[in-house]
Amino acid sequence: MKKADIGIVGGGIAGLTAAIHLASCGLKVLLFEKEKYPHHKVCGEYLSREILPYLKSLNISLESLQPKIIDQLLYSTPSGKTIKTDLKSGGFGISRYALDNYLYEKAKEQNVDIIHQTVTNTTFENEFFEIRTFENQAFPTKIVLGAFGKRSGLDKKLNRQFIEKKSGWLAVKAHYKLDDYPNNRVSLHNFKGGYCGLSKTETDSVNVCYLASYESFKNYKSIDSYKEEVLCRNPQLKTFFHEAVPLFETDLSIAQISFEKKSLVEDHILMLGDAAGLIHPLCGNGMAMAFHSAKLASESILKYYNPNAFSRTDIEKEYIKKWDQQFKSRMKIGSALQKILLKPFLAEASQNIIKIIPSLLPFIIAKTHGKPVI
Ligand SMILES: Cc1cc2nc3c(=O)[nH]c(=O)nc-3n(C[C@H](O)[C@H](O)[C@H](O)COP(=O)(O)OP(=O)(O)OC[C@H]3O[C@@H](n4cnc5c(N)ncnc54)[C@H](O)[C@@H]3O)c2cc1C
C-alpha cells in the first residue's frame, strides 16, 4: 500500500479540521473514525466565536448551518439566584450532529480518505508509523495525529499516565423543545455536585448538557431520579425540566471524564483536541481549542513537508511550545473556576461579589477564551 503522508485517529472536530487543513495543502491524508456520520455527541454545543477567522480561511462557513447567535450568559447558583451578562465575544449554538457531519463533508471534498474502522494500535519504527485497526488491517503513514477525544482504548495502549488515575465525573446530554427559551442565551445552572448548560441549536431545540460528580450521583438509581432530586433543587432547572419536552428517547451519557494533565506528544504522535487535554466544560471553549490545536499542529507539519526545513523533532517541539502558549493558562483558570462552582457556599459568595463588581464576570469569561484565531 502507498504510504500516506498523514494518518489521523479520530474524526471529531480536531481530527476533521486537521484533515481539511492538511489535505487542502496537497498532503495525502487518511482519517480513521469508528462511528458513522451524523451522530449525536455529549457536548454543551456552545461554540465560542474566536475560531471564526480560522474557519473562514479553510472555507468552512458555519453560517450555512444557521446556528443560533449567542450573546448573553445567564448564570444561577444552586439556590437559583441568577445573574445575567453580555457575552462580549459571543458564540454559536450548534449541534454536534450537524457540525461534525458538515466537517466530514468538507473533508471528503478535500479528498481525505475516511476509513470507518477502530484503530487498535500504532507503532513507530524507522521513521514510519503503522496504524492497525480492529479489522486487522495495517496502514503505513509518515505522521500520526491523535484526535481520539477524551478517552480511548489507545490511551491504554500508549500507557498514558492519566488513564491510570480514577476519574470522578460523568456527563449527560439531551435535546428538549421549549419555544420560550431565548435564542441568544447560554445558561449555566449550578447544582450540588455539578452544573448544567442550556442553549438552543440550529434546529430550535434546546441542548441540555450537565457534568456531575460520581460522589453526588452514586446514591441515585437512574439519570431520571438524579435529575428530579438533585438538578431540580435549583429552581431554574426545576422550571425548565417541568416545562420542556424531551426530544431524545433516552439521554446520552459518558463516564470517566478526566481533567488530568495529558502529554502532548506520545511515541511521536501529536495529540489534538481533548486527547491533548480537556478544559472544564463550564468554560465553553473545548471545541474552539480542538479547532485551534488542529491549526497549530497542521502549521508545524506543513513546515516539515514544505520547504522541508523542519525535522520531526522540530515539529514536536514547536507544537508543544505553541500549545502551552495558547492553552495552558486558560486550562488552569477553568480548573480553578470549577472548584469554586462546585462548592455551593463559594458559588453563592462569588455571585454576591459579582453583583458588587459586575465587570468581574466578563473579565473571567475572557480569561477562559482565546483571542480571535487568525
Ligand atoms: C459535559 C461536557 C460539555 C461540553 N460542552 C462544551 C461546550 O458547550 N462548548 C465547547 O466548546 N466544548 C464543550 N465541551 C468540550 C468539547 O465537547 C470537546 O472539547 C470537543 O468535542 C473535542 O473535540 P475532539 O475532536 O478532540 O474530540 P471528539 O469530538 O470526542 O472526537 C473524537 C473522535 O475520535 C473517535 N475515536 C475515538 N477512539 C477511536 C479509535 N480508536 N479509532 C477510531 N476513532 C476513534 C470518536 O468516535 C470521536 O468521533 C464539553 C465537554 C463535556 C464533557
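In each ligand, atom 1 is the first atom listed, and ligand 1 is the first ligand listed.
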Can the ring centroids of F139 and F129 be said to lie less than 6.0 angstrom from one another?
no

Under a single-linkage definition using a 4.5 Å side-chain heavy-atom cutoff for Ile, Leu, Val, Met, Phe, Trp and Tyr, are F134 and V119 assigned to the same hydrophobic cluster?
no

Just verifying a value: how many Å separate L145 CG and Y319 OH, rounded to the nearest 0.5 Å?
8.0 Å

Among all protein heavy atoms, pick the one closest to atom 44 (N) of ligand 1 and tell me residue, atom and distance.
K34 N, 3.3 Å

What atoms of ligand 1 come within less than 4.0 Å of a heavy atom belonging to E45?
7 (C), 8 (O)

May I ask you to check whether H116 and Y37 place their ring centers less than 6.0 Å from one another?
yes

Tell me if the centroids of the rings in F310 and Y304 come within less than 6.0 Å of each other.
no

Which of the ligand 1 atoms, numbered from 1, are nearer than 4.0 Å to a heavy atom of N285:
10 (C), 11 (O)

Given that the side chain starts at C-beta and the backbone is N, CA, C, O, which of these parts of A14 lies under 4.0 Å from ligand 1, counting heavy atoms, or is it both or neither?
both

H21 ring center within less than 6.0 Å of Y54 ring center:
yes

Atoms of ligand 1 under 4.0 Å from any heavy atom of A290, numbered from 1 in the order shown, are 22 (C), 23 (O)

Those atoms of ligand 1 less than 4.0 Å from some heavy atom in S152:
38 (N), 41 (N)

For F128, does the CZ atom have more than 12 heavy-atom neighbours from other residues, nucleotides or ligands under 6.0 Å away?
yes

Taking only heavy atoms of A147, which atoms of ligand 1 are found under 4.0 Å from at least one of them?
32 (C), 33 (C), 34 (O)

of all protein heavy atoms, closest to atom 34 (O) of ligand 1 is G10 CA, 3.2 Å

Hey, is CD on E105 packed in by over 12 heavy atoms from elsewhere, all under 6.0 Å?
yes

Among all protein non-hydrogen atoms, which one is nearest to atom 47 (O) of ligand 1, and what is the separation to 0.1 Å?
E33 OE2, 2.7 Å

The atoms of ligand 1 lying under 4.0 Å from a heavy atom of Y46, numbered in the order shown, are 7 (C), 8 (O), 9 (N), 10 (C), 11 (O)

Hey, does M289 sit under 4.0 Å from ligand 1 if you only count heavy atoms?
no

T120 contact mode with ligand 1 (heavy-atom cut-off under 4.0 Å)
neither

For atom 27 (O) of ligand 1, what's the nearest protein heavy atom and its distance?
G149 CA, 3.6 Å

Are there more than 12 heavy atoms of other residues, nucleotides or ligands under 6.0 Å from atom CD of E35?
yes

Could you tell me whether some N/O pair between Y210 and ligand 1 is separated by less than 3.5 angstrom?
no

If the contact criterion is a heavy-atom separation under 4.0 Å, does L47 count as touching ligand 1?
no

the protein heavy atom lying closest to atom 50 (C) of ligand 1 turns out to be P281 CB, 4.0 Å

Salt bridge (Lys or Arg N to Asp or Glu O under 4.0 Å), paired with E50, selected from K295, R330, K371
R330

Counting the benzene-type ring for Trp, do H292 and F327 have ring centres under 6.0 Å apart?
yes

Would a line drawn from the ring center of F162 to the ring center of F259 be shorter than 6.0 Å?
no

Between C209 and ligand 1, does any nitrogen or oxygen pair lie at a separation below 3.5 Å?
no

Do V119 and ligand 1 have an N or O pair less than 3.5 Å apart?
yes

State whether the shortest distance between N or O atoms of E35 and N or O atoms of ligand 1 falls below 3.5 angstrom.
no

Whether over 12 other heavy atoms sit under 6.0 Å from Q161 CD
no

Below the 3.5 angstrom mark, is there an N/O of A171, backbone or side chain, next to an N/O of ligand 1?
no

Within 4.0 Å of some non-hydrogen atom of G273, the atoms of ligand 1 are 26 (O)

For ligand 1, note which part of R96 has a heavy atom under 4.0 Å away: side chain, backbone, both or neither.
side chain

Checking a contact table here: which protein heavy atom is nearest atom 14 (N) of ligand 1, and how many Å away?
C43 SG, 4.1 Å

Atom indices of ligand 1, in the order listed, that fall short of 4.0 Å to a heavy atom of G286:
10 (C), 11 (O), 12 (N), 15 (C), 19 (O)

Which heavy atom of Y226 sits nearest a heavy atom of A212, and at what distance?
OH-CB, 3.3 Å

When K200, K68, H175, R96 are each screened for side-chain hydrogen bond (donor to acceptor under 3.5 Å, both in side chains) with E45, the one that passes is H175

Ligand 1 and I13, any nitrogen or oxygen pair closer than 3.5 angstrom?
yes

For atom 26 (O) of ligand 1, what's the nearest protein heavy-atom neighbour? Residue, atom name and distance, please.
D274 N, 2.8 Å

Does ligand 1 have an atom under 4.0 Å from some heavy atom of G153?
no

Please state which protein non-hydrogen atom is closest to atom 11 (O) of ligand 1 and give its distance, to 0.1 Å?
M287 N, 2.8 Å

Please verify the inter-ring angle class for H369 with Y46; under 30° counts as parallel, over 60° as perpendicular, anything in between as tilted.
perpendicular

Between the OG atom in S335 and the CG atom in L337, the distance rounded to the nearest 0.5 Å is 9.0 Å

For the 3.5 Å polar cut-off, considering only N or O atoms, please tell me whether D100 and ligand 1 meet it.
no

